[in-house]
Amino acid sequence: MLFEAPATEVAPRLLGGTISVDSVTLRITEVEAYLGVGIDPGSHAYRRKGVKNSTMFGPPGHLYTYFTYGMHVCANVVCSPEGKASAVLLRAGEIVEGIDLARARRLTSRVDVDLARGPARLTVALGITLGDDGTDLTTGRIRVELPRIQVPFEQGPRTGVSWPGGEPSFPWRFWIPGEPTVSPYRRAARR
DNA sequence: TATGCGATTGCCT
DNA sequence: GGCAATCGCATAG
């Protein structure tokens, strides 16, 4: 099955692919990989399966959505064999279909490149909500398509991911070079 | 039961 | 570049 590989392998293959939600389609330009229990302290699945992260432990090829900062929703593609809990966070992309609807949903966005530049902006532009958690991405309303040929990519440390000791974690952020929709890199906020 | 904080964003100086 | 907004959940006591 397509997504039955660790998120670090699936992540670069998603670049240049698309996610469609009803009439809106986005070309994926930036993603991040998160692995599972005991491996990746930056991952929601680093600790045991709980209320918040249970979808990450479910079957691959499904959507994992979570609520953060008391106001934002982010979307992931669940990867790896069931039970291994790895996922790819969809961080940014370019709206290639249904741009009028995306603009209507993202009223604070002044320019089109900002419509889905950032993980929480992306879910708003596509109309993804917490109710879409667990959705199968190969049939139905929400679909993910990989590009026919893998595109060239770059990789570096993940954005906003804190780490014990404060240094950047694994270089598991992947993006398409030169794309204006790629979100700016930020270190984890200091307290 | 109380406390701290996050895979962020948008507005302010 | 700094910081408030806003709340569910994990952790500590």
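The figures that follow rest on heavy atoms only: side chains count, while hydrogens, waters and symmetry mates do not. Letters go in sequence order (proteins before strands), and every chain restarts at 1.
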Going by chain and number, the hydrophobic cluster around Val113(A) (ILVMFWY, side chain to side chain under 4.5 Å) further includes Val111(A)
The remaining residues in the hydrophobic cluster of Phe67(A), counting side-chain heavy-atom contacts under 4.5 Å among Ile, Leu, Val, Met, Phe, Trp and Tyr, are Val73(A), Leu130(A)
Per-residue pairing states of DNA chain B in dot-bracket (Watson-Crick or G-U under 3.5 Å; . unpaired, | other strand) read ||||||.|||||.
Sequence neighbours excluded, the answer for side chain to side chain donor-acceptor pair (under 3.5 Å) partners of Ser20(A) is Thr25(A)
Output yes when Glu179(A) and Arg27(A) qualify as a salt bridge under the 4.0 Å nitrogen-oxygen rule, no when they do not. yes
Letter by letter from the 5' end, nucleotides 7-13 of chain C scores (B base, S sugar-phosphate only, - none; protein heavy atoms under 4.0 Å) B-S-S--
Cluster membership besides Val182(A), Ile/Leu/Val/Met/Phe/Trp/Tyr side chains within less than 4.5 angstrom, sorted by chain and number, is Trp175(A)
Taken to the nearest whole Å, CZ/Phe174(A) to P/dA7(B) is 18 Å
| task | Determine the contact category for Gly160(A): base if any of its heavy atoms lies under 4.0 Å from a base atom, sugar-phosphate if only primed atoms, P, OP1 or OP2 are that close, otherwise nothing. | result | sugar-phosphate
Those residues at least two apart in sequence (or on a different chain) that pass side chain to side chain donor-acceptor pair (under 3.5 Å) with Arg141(A) are Asp22(A), Asp132(A)
Exercise. Answer yes if the ring centres of His44(A) and Tyr34(A) are under 6.0 angstrom apart, and no otherwise.
Key: no
Under a 4.0 Å heavy-atom cutoff, the residues of residues 73-95 of chain A touching DNA chain B are Asn76(A), Leu89(A), Arg91(A)
Sorted by chain and number, sequence neighbours left out, side chain to side chain donor-acceptor pair (under 3.5 Å) with Arg91(A) holds for Glu30(A), Ser183(A)
Sorted by chain and number, sequence neighbours left out, side chain to side chain donor-acceptor pair (under 3.5 Å) with Arg13(A) holds for none
Numerically ordered, the residues 106-132 of chain A set in heavy-atom contact under 4.0 Å with DNA chain C is none
List the atom pairs, donor and acceptor, that lie under 3.5 Å between side-chain atoms in residues 146-159 of chain A and the rest of the protein, sequence neighbours left out.
{"residue": "Gln155(A)", "atom": "NE2", "partner": "Pro171(A)", "partner atom": "O", "Å": "2.9"}
{"residue": "Arg158(A)", "atom": "NH1", "partner": "Ala33(A)", "partner atom": "O", "Å": "2.9"}
{"residue": "Arg158(A)", "atom": "NH1", "partner": "Asp40(A)", "partner atom": "OD2", "Å": "2.8"}
{"residue": "Arg158(A)", "atom": "NH2", "partner": "Asp40(A)", "partner atom": "OD1", "Å": "2.9"}
{"residue": "Arg158(A)", "atom": "NH2", "partner": "Ser169(A)", "partner atom": "OG", "Å": "3.2"}
{"residue": "Thr159(A)", "atom": "OG1", "partner": "Arg173(A)", "partner atom": "NE", "Å": "3.4"}

